[in-house]
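Just so it is clear, the values below take in all heavy atoms, side chains as well, and ignore hydrogens, waters and symmetry mates. For ligands, and for the atoms within them, numbers begin at 1 and follow the listed sequence. Please read all numbers here as calculations on a predicted model, not as lab measurements. Numbering of residues begins at 1 and proceeds along the displayed sequence.
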Amino acid sequence: MCGIVGYTGPRQAYPIVLKGLKRLEYRGYDSSGVALLHNGKLNVYKKKGKVAELEEYVIGKDLDSGIGIGHTRWATHGEPSDRNAHPHTSSNGRFAMIHNGIIENYAQLKTELQKKGYQFTSDTDTEVLLNFVEDIQNNNNCTLEEALRIALKRVSGAYCILIIDSNDPETIIAARKGSPLVIGIGKGEHFLASDASPIIEYTKEVVYVNDYELAIVKPDELILKNLGNEKVTPYITKLDMELAAIEKGGYDHFMLKEIFEQPSTIYDCLRGRLDADAGTITMGGIDQHISQLINANRIMIIACGTSWHAGLVAEYIIEELCRIPVEVEYASEFRYRNPIVNKGDVIIAISQSGETADTLVALEKAKENGAFIFGVVNAVGSSISRISHAGAYTHAGPEIGVASTKAFTGQLAVLMLMALKMAFVKETISKERYKQLLIELQDVPEKVDAILKNSESIKTIAEAYKNATDFLFLGRGYNFPIALEGALKLKEISYIHAEGYPAAEMKHGPIALVDEKLPVVFIATKDSYHEKIVSNMQEIKARKGKIISIITEGDVISPTLSNHVFSIPPADEVIAPILSVVPLQLLSYYVGVSKGIDVDKPRNLAKSVTVE
Ligand code: M6R
């Protein structure tokens, strides 16, 4: 949550910082701001609302500067407003700071500072941290770097901060713990950001800063130190990402582009790993640890949101194919309770961003208890991928739309590959079924493409139900998590209340909601539960609910019970979820758009949830 950008070098900083903020807006968008330094004077401009409002606000202002920091906010402490927007300036006006994260002991620090006479103009924890740094710097007459190091030893919580000093026209001091920071290395210039997207068009050489590291960044010098003031050698990596991947490419929204990218992202995920003709799955992270994986006493899957839904699908598949007990946990619950994790347990962490704070902390806890951590992550080089013992990337490319779409199908593809490989080695699957499922998986990109070619009919359904106030999504077996995912997508980007339920569970309560106004979406593809879900449709029809069904091509019964149907190509029930979710992504997209909602940046949400 929150996006941060910085630049120091020979160019004008403002256009670089502003463009970077637009790229990072998916991380938070309730206010934004920049701090620039001109002839020893700090110019700080900030505005409630999206980055476009800041852009308008600064017209005619002094933007001349070769150094700058910028922030786009997802509010934690203090409402979204001009005064709570970042950057914040220290009491003496000398320093400006931006921050992504939460300073947990800010209240205590604030009281201490207030006793010393400090006054605060915002409600943020960031302003407290900055004045704490200023106070240390004043009392010790030390450098900003030294003051920050001392301050961070007293701070608990998560942060990525950038500070500039009006007495030092070239240097940005940065530090991270728990919130991401990437530094791009240019020729005589440096770029800093929460992820690589603001940097990619200037340089492909980057350094991922680690927790508890401090960076002293000048145009032609980058020094990394730990909090003990020892130098750390920066490890330079080459970005494997093209600029086109982070632009809309002619689509109205990133979300739509990302939905339509799925045939190629799933293909990229399978490419070089799955060879159906040879009957092989080759994945370094799995192959090297296969005995640990298949001999796991138990697999625990830890994730949040959409990634948690991918985990639920994996639970069904791994238990069915590999006969290993699987538990799926919300990271936010796991980290605060006292879970039993033993040596011999395997943890699969699923995350698009690889930065979700709850997941990260849960993994650290499991790791301390001796569990083996396998990361299924999209963002290359992210924190979760780095703390995992092994893993597999989903290769979906940058996902910018706040609602996760192509990352989800990428997660399913990796988890399916993983389950198949484990089942094959463990010999819990017949050779024939293994071969058949490999062929089916290989065909997924083509089938997703066929679904997308039919997207117009989903638009019609969306138009018909855009004014509904509630939706129910029902599925059974492998499609139950898809019902949850369909409901989450709709809630997120259309603000319509929606619930996902196992279809059979409906009669234990939610059926009371059904009347002639309630749209009920059935994920009713042909599988071993099909007859049962058809009976559930009858139950809804008998109560006059409006039925929208996602069915398998050739199904003649479901259409007789449904008000609207959308057919998808036939697929084995293990593979079907990766197809059946696509029409639900489209449904939520078109409902959101027809209601005039900014589907890439729906209210109150942020793409990367780096706070608890
Ligand atoms: O980056 P992660 O996969 O760890 O994120 C987890 C959730 O925050 C995320 O899936 C969220 O639920 C999405 N907005 C869903 O569309």
Taking side chain as C-beta onward, heavy atoms only, is [X] less than 4.5 Å from [Y]?
{"X": "I533", "Y": "R476", "result": "yes"}
{"X": "I246", "Y": "I400", "result": "yes"}
{"X": "K248", "Y": "L256", "result": "no"}

Problem - Non-hydrogen atoms of S194 and C2 that approach each other most closely - result: OG-O, 3.9 Å
Exercise for the section: Sequence neighbours left out, what passes side chain to side chain donor-acceptor pair (under 3.5 Å) with S580? Give chain and number order. Expected result: N479
Handout entry: Residues E201, K19: salt bridge by 4.0 Å N-O rule
Key = yes
Handout entry: Carboxylate-amine/guanidinium proximity below 4.0 Å for K406 and E399
Key = no
Problem - Within-cut-off N or O pair, T359 and ligand 1, under 3.5 Å - result: no
Practice task
For ligand 1, find out whether one of its N or O atoms is nearer than 3.5 Å to an N or O atom of V402.
Solution key: yes
Could you list which atoms of ligand 1 come closer than 4.0 Å to a heavy atom of [X]?
{"X": "Q352", "value": "1 (O), 2 (P), 3 (O), 4 (O)"}
{"X": "S307", "value": "2 (P), 3 (O), 10 (O)"}
{"X": "C304", "value": "6 (C), 7 (C), 10 (O)"}
{"X": "S404", "value": "15 (C), 16 (O)"}
{"X": "S353", "value": "1 (O), 2 (P), 4 (O)"}
{"X": "A403", "value": "16 (O)"}

Exercise for the section: Say whether K489 and ligand 1 are in contact under the criterion: heavy-atom distance to a ligand atom below 4.0 Å. Expected result: yes
Exercise for the section: Determine which pairs satisfy ring-ring contact (aromatic ring centres under 6.0 Å, His included) with at least one residue from residues 384-406, sequence neighbours left out, and list them in order. Expected result: F372-H389
Practice task
For ligand 1, indicate whether the residue E492 contacts it via side chain, backbone, both or neither (heavy-atom separation under 4.0 Å).
Solution key: side chain
Closest protein heavy atom (residue, atom, distance) for [atom]:
{"atom": "atom 4 (O) of ligand 1", "value": "T356 OG1, 2.4 Å"}
{"atom": "atom 8 (O) of ligand 1", "value": "V609 CG2, 3.9 Å"}
{"atom": "atom 10 (O) of ligand 1", "value": "T306 N, 3.0 Å"}

Handout entry: Lys NZ or Arg CZ of R603 over Y495 ring: under 6.0 Å, within 45°
Key = yes
